[in-house]
Amino acid sequence: MVDATDTLPISATTPGVRSGRFGRKVALFVVIIVAGIVLVGAGNYALDPFTYSRGAMTEMAAAFVSGRNYAVLDPNVDLRAIHREHVRLMRESPDIVIVGGSRWQEAAAALVPDRKLFDAFVHNDYYEDLLATTELLRRYDRMPKTLMLSIRFVSFQPNEVRESSQWKEYGPEYRAMARTLGLADPGWLATAPFEKWTDLLSVDGAKVKLQERIKAPTPPGPIDGLSDPSRDIYAADGSLHFSDEHNRHDTPEFARSNAQDTAAAERNRRLPVAPDKVEGLKKLIAYLKPRGVRVILAQTPFQPLYFDGIAHYPRGEDLRHVDAVVHQIGDELGVEVAGSLDAKAVGCDEDEFRDFNHPRPTCLRKLFQSIPNL
Amino acid sequence: MLFNSYAFLFLFLPAILIGTIAIERGLGRRAALHFLTLASLFFYWRLAGQAALALLILSILGNLLFARAIAAKRHTGTLAARILVIAGVGLNLALLGYFKYANFFLEVVGQAAGQAFAPLDVLLPIGISFFTFMQIAYLVDVYGGEAEVYGLGDYALFVSFFPYVTAGPIVHHSEIIPQYRAAAPASFIERLLPGLTLFSLGLFKKVVFADSLGAYADAVFNGAAFGAVPSLPDAWTGAVTYTLQLYFDFSGYSDMAIGLGAMLGIRLPINFNSPYKATDIADFWRRWHMTLTRFFTSYIYMPLAVRSTRRHGIGAADAPALAYVRTVAIPVLVTFFLAGLWHGAGWNFVVFGLVHGTALCIFRGWRMGGLPLLPRPLAWAATMLVVIAGMVLFRADSLGTALTILRSMVAGGGGFADYAALAWMVGLGAVALLAPNTQELMHRFPVSSDDIFVAGSGRWRLEWRDNAAGIVAAALTFCIAVLSITRASQFLYYQF
């Protein structure tokens, strides 16, 4: 074996001098790395204000509260952090609040006439979001008359197999509600949104955001209308209105092919259910009912080609199990269950979807109409 | 906690480096090694979980007890020692068999019996194939009188050392444990930069090269798994991108492991030496997953070949063809059958092993028969064809998927090739074939325990030096790699 000291190019004669020389080299190495990381981190922070800058999110929330909408270059903003600001600034409680994921993104207030609807949907929602949003509404005394809690196929998924950790942005609210309900508090470490902050180190992320900025004819900002050629718009009611560019892309043909491809890719993937999360939801409902809140467990349908494509596979079996769990909770606690995973049951057809699981407003309207006295 | 996760890079690694240097300076090398054992067990627990950690610890203690018993009986009674070594190796294999092959066995038995058995709920502990093999080799060497019985501290670190516990290199006790007893090679500050540079190169290979290629390979293999039949260009794109992905992924992991070892003062063996530059299949296996090849050669192929030669003589009475079958073909095929099965519980892995074994038999027969050697480019192309076809078997989720892709590679329909994938293939193919590998780049610094690259040989113009330019290049490599991590993706060899 060759000893390192035989081959290292050592010119210094004394150990102290040699050590100092190596120390300077290590320092140079570290300085370059720190500089690179700070540069990219700062770039991401500046280019993605609706994820990282509380000031920008407060500005957006203030626009909502004043009845204006907000145009963005990319709808992938941190909706949880924005809702936190929005609910904090709200002047009155909504009549109906939808707590769910992006399948509710186009649930605009206009779909439920004569009611003040707040679409509190978030991206990649899980069970924790149900508790956290409820806590947010409770904390700022904005609890609605009707709370629509939406379960999706991965709502009860154990944390360790999840594909997204965005729910952790709601960590403090989730933990507070868990404590209120007498559930185990998972602690700060398990709920801190580390991934959101480490995303600052993504050079790809910075590149994409920079390209968006360069290409955008108009910067993000408050807007009165609900349509724009290139920018997506978050409405004051929380709903999302896609740009003309996006609408041109999301054709029924695209939805059909996306539904078929996704069904083929997912049909054998299992959907585990964590029993403690099911129990947690039951406790949440039991907490809400005596406080005069009408709770509706609501489910949106899948594009029919997707639903049929997975029906006879493990994914279909697991979806039916999640559906059965929802109905069992409804029966046990006496709360309404609205909608269905099956588009036929809601009355939606193949063309009323953007892709395999995002219904268009016409489909969502049918779902709302199926709920008595909403 | 993967090597390419922020938790490892910015919390675990700095803590280990600072802890090691502080303890080494304050309490000495021995204490620093104990600290590394604890750190390694912590690393394994974070990565594999509590149950797997318990299994690792039990495996270490059990094997050490067997080693002690074998060594005690070695001097008194050969039969007792033989029984003990068979029991020890058998227990290791039983453990591996249960965790890795139980469900495959049930599936095969079920198919044969025409009855489906419910699969067992067994989770494969990460690295079990690696740490089991290292310990089997140790027991065999103790039995053969080629290894002493080590103390618990040394042995536990040898088996659990975090740079290699999950995916190799498959180290040999004789190259690791003596290092614990020697003074640390170079001072911490001197060994830090070369180790960090090699680690950075490995991280770059994994994050920038392998993960980028993975998207193209996944599209083809996942599509075929769901019943799609790829076009001829797509099938080749999937096969070649995966061939390159696996190389950059696994050799990147190995570089990171060797770099970590170098930083911590424990030199590890080289695992890859530009395998795609090989011009015959034997040469390929001398360059690919070298420590696995070394294990199979020493503990399976050689004993089989030697036993066969002893039993039948050196072919004096046999026809050359029969001697070839007995002393070459059968040992090679058995070895590669087991090597295939070692990689995974599935028929595709068995066929993968047999394809390589058959190719090696043909090559050895060709040589023994004195047939003319192929021109170098043709020999390289033939070798790569076997390697790429083997990779299709290796990546596919089933034999059926592999056959779909292999059929398309031969007689698939035309179709639009993905130019971005093509650019990656050409670019990274050139890196794999023409550029010096990481060990050659680092040849001035003995970061590994092998000395096949002689320092100062001047063979390569491109080499890393610890001058300002070298440090800036290494830091930028690390920086680009870290900033390219979107989500820590698992190393491909973790599944084995």
Side-chain angles (χ1 to χ4, degrees), chain A residues 1-12 15-16 18-41 43-44 160 163-165 194-195 197-208 260-269 309 313, chain B residues 5-7 9-10 49 175 178-179 182-194 196-197 200 222-223 225-228 262 265 267 397 443-451 454-456 465-468 470-488:
Chain A
M1 199 178 296
V2 184
D3 191 274
T5 48
D6 293 341
T7 49
L8 280 169
I10 296 163
S11 54
R18 206 170 73 195
S19 185
R21 193 167 64 90
F22 277 103
R24 280 198 296 277
K25 289 176 180 179
V26 173
L28 174 62
F29 190 95
V30 172
V31 164
I32 292 169
I33 289 167
V34 170
I37 286 172
V38 167
L39 189 70
V40 172
N44 267 314
E160 57 274 16
E163 288 178 359
S164 166
S165 58
F194 294 119
E195 293 83 353
W197 295 102
T198 54
D199 279 352
L200 280 173
L201 302 184
S202 169
V203 78
D204 282 345
K207 199 171 78 184
V208 168
Q260 284 169 327
D261 292 349
T262 313
E266 292 184 344
R267 63 193 178 194
N268 288 316
R269 290 195 205 150
Y313 289 90
Chain B
S5 67
Y6 296 121
L9 294 168
F10 296 122
E175 67 196 347
Q179 294 187 56
S187 75
F188 180 83
I189 201 84
E190 285 169 323
R191 63 187 194 238
L192 180 66
L193 271 179
L196 204 48
T197 300
S200 305
N222 293 346
F226 290 121
R267 291 178 187 159
D397 66 336
H443 75 91
R444 293 175 62 86
F445 299 87
V447 284
S448 78
S449 59
D450 295 307
D451 55 0
V454 180
R465 287 169 183 262
D466 66 341
N467 54 22
I471 289 160
V472 170
L476 286 177
T477 303
F478 183 88
C479 220
I480 292 168
V482 166
L483 297 171
S484 301
I485 297 172
T486 40
R487 282 280 176 265

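The model shown is predicted, which means the values in this text are computed figures rather than measured ones. Note on naming: letters A, B, ... go to the chains in the order of the sequence lines (proteins, then strands), and numbering restarts at 1 for each one.
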Mind checking the [atom1]-[atom2] spacing from [X] to [Y]? Nearest 0.5 Å is all I need.
X: Ile37(A); Y: Phe10(B); atom1: CD1; atom2: CZ; result: 3.5 Å
X: Leu483(B); Y: Leu200(A); atom1: CG; atom2: CG; result: 11.0 Å
X: Phe29(A); Y: Phe478(B); atom1: CZ; atom2: CZ; result: 6.5 Å

Gly36(A) to Cys479(B) - nearest heavy-atom pair and separation: CA-SG, 3.6 Å
At a heavy-atom separation under 4.5 Å, does Ala206(A) approach chain B through its side chain, its backbone, both, or neither? neither
Can you tell which part of Val40(A) gets under 4.5 Å to a heavy atom of chain B, answering side chain, backbone, both or neither? side chain
Those residues that, when tested against Arg465(B), pass side-chain hydrogen bond (donor to acceptor under 3.5 Å, both in side chains) (two or more places apart): Glu463(B)
N/O donor-acceptor pair under 3.5 Å between Lys25(A) side chain and Leu193(B) backbone: no
Between Ile33(A) and Val482(B), is any pair of side-chain heavy atoms under 4.5 Å apart? no
Looking at residues at least two apart in the chain, or sitting in another chain, which of them share a side chain to side chain contact (heavy atoms under 4.5 Å, CB included) with Val472(B)? Leu28(A), Ile32(A), Leu476(B)
